Amino acid sequence: VQLQASGGGLVQAGGSLRLSCAASGRAFSRYGMGWFRQAPGKERAFVGTINWSGGNTYYVDSVKGRFTISRDNAKNTMYLQMNSLKPEDTAVYYCAADTAAWVLPRATRAHTYDYWGQGTQVTVSS
């Protein structure tokens with residue numbers, strides 16, 4: 001599985017961005033997926049996750065109510081809609097795929113994921 005994240009950019013605080021994660025291969029619809037981010041000088045951190053069908057999602061508290069993960073299995077693509085962006089959301093955002101069964105809290109842990117995209121930079125100016 002190859003993952004390609006895109007959609008990052010520079011936005012003012014309070015603005016919105018939508019990230020996409022395009023996956024190769026026909027197994028995408030079976031995978032749980034996640035978004036993580038890494039700010040300069042910090043470790044990679046969990047943002048949110050979605051199960052194979054899109055029927056279940058879970059987010060880190062700091063983005064609840066602002067970020068929404070969705071997926072379109074027909075297009076092999078996952079999305080991260082980010083609203084009300086804050087400067088502290090500035091980071092490189094990575095998407096990842098988990099080939100095992102989607103279970104919480106396991107799906108919040110980076111080492112759970114088998115495949116990773118290359119990352120896309122999100123910069124929020126104040």
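One-based numbering along the sequence shown. Just so it is clear, the model here is predicted, and its values are computed rather than measured.
- Closest approach of Ala107 and Trp102 over heavy atoms only: CB-NE1, 3.6 Å.
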Stepwise side chain to side chain contact (heavy atoms under 4.5 Å, CB included) check, Gln81 with Ser16:
CA-CA 7 Å; Gln81 178 66 45; Ser16 299; 4.0 Å; yes
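- Using a 4.5 Å heavy-atom threshold, the side chains of Tyr58 and Asn56 count as separate.
- When each of Leu80, Asp89, Thr90, Thr120 is checked for a side chain to side chain contact (heavy atoms under 4.5 Å, CB included) with Arg37, only Asp89 meets the rule.
- Contact of the Leu104 side chain with the Thr49 side chain is registered, since non-hydrogen atoms from C-beta on lie closer than 4.5 Å.
- Two residues are said to be in side-chain contact when any heavy atoms from C-beta on lie closer than 4.5 Å; Val11 and Thr123 fail this criterion.
- Note on Asp61 versus Lys64: salt bridge recorded, some NZ/NE/NH1/NH2 to OD/OE distance being below 4.0 Å.
- Taking every heavy atom of both residues into account, Val92 and Gly119 meet most closely at CG1-CA, 3.8 Å.
- The aromatic ring centroids of Phe36 and Trp116 lie less than 6.0 Å from each other.
- Met82 contributes atom CE, which lies 3.5 Å from atom CG of Leu19 (distance to the nearest 0.5 angstrom).
- The line from OH of Tyr31 to CG of Asn51 is 15.0 Å long, rounded to the nearest 0.5 Å.
- The shortest heavy-atom contact between Leu3 and Ala23 is CD2-CB, 3.5 Å.
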query = Under the side-chain hydrogen bond (donor to acceptor under 3.5 Å, both in side chains) criterion, do Asp114 and Thr99 qualify, and how do the steps go?
reply = CA-CA 7 Å; Asp114 305 290; Thr99 60; 2.7 Å; yes
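- Taking all atoms of both residues into account, the shortest heavy-atom contact from Arg106 to Ala100 is NH2-CB, 3.3 Å.
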message = For a side chain to side chain contact (heavy atoms under 4.5 Å, CB included) check, start with the C-alpha distance between Leu17 and Val122, then their side-chain angles and the critical distance, and finish with the verdict.
response = CA-CA 9 Å; Leu17 281 175; Val122 172; 3.9 Å; yes
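- Sorted by first and then second residue, the disulfide (SG to SG under 2.5 Å) pairs with a member in residues 6-100 read Cys21-Cys95; sequence neighbours excluded.
- In summary, the side chains of Tyr59 and Thr108 do not present any donor paired with an acceptor at a separation below 3.5 Å, with no hydrogens or angles considered.
- Annotation: cation-pi pair Arg71/Tyr79 absent, no NZ/CZ under 6.0 Å from the ring centroid and within 45° of its normal.
- In this structure, a donor-acceptor pair under 3.5 Å is absent between the side chains of Thr112 and Asp98.
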Could you walk me through whether Val63 and Trp35 satisfy the side chain to side chain contact (heavy atoms under 4.5 Å, CB included) test, starting with their C-alpha distance in whole Å, then the side-chain angles of each, then the deciding distance to 0.1 Å, before giving a yes or no? CA-CA 12 Å; Val63 308; Trp35 286 100; over 6 Å; no
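- The closest side-chain heavy-atom distance from Arg44 to Tyr94 is below 4.5 Å.
- Atom OH in Tyr115 sits 9.5 Å away from atom OG in Ser24 (nearest 0.5 Å).
- The shortest heavy-atom contact between Asn76 and Gly25 is ND2-O, 2.5 Å.
- Not one N or O on the side chain of Asn83 forms a donor-acceptor pair closer than 3.5 Å with the backbone of Gly65.
- Panel note: side chain Gln118, backbone Ala5; a donor-acceptor pair is recorded below 3.5 Å.
- Ser126 and Ala13 make their closest contact through CA-CB, 4.4 Å (heavy atoms, listed as atom of the first residue, atom of the second, distance).
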field: Step-by-step side chain to side chain contact (heavy atoms under 4.5 Å, CB included) determination, Phe67 to Val60
entry: CA-CA 10 Å; Phe67 290 12; Val60 67; over 6 Å; no
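- Rounded to the nearest 0.5 angstrom, Ser84 OG and Arg66 CZ are separated by 7.0 Å.
- Side-chain atoms of Arg30 never come within 3.5 Å of backbone atoms of Arg26 as a donor-acceptor pair (strictly under, hydrogens ignored).
- A 6.0 Å sphere centred on CD of Gln2 holds no more than 12 heavy atoms belonging to other residues, nucleotides or ligands.
- Looking only at side-chain heavy atoms (C-beta outward), Met33 and Phe28 come within less than 4.5 Å of each other.
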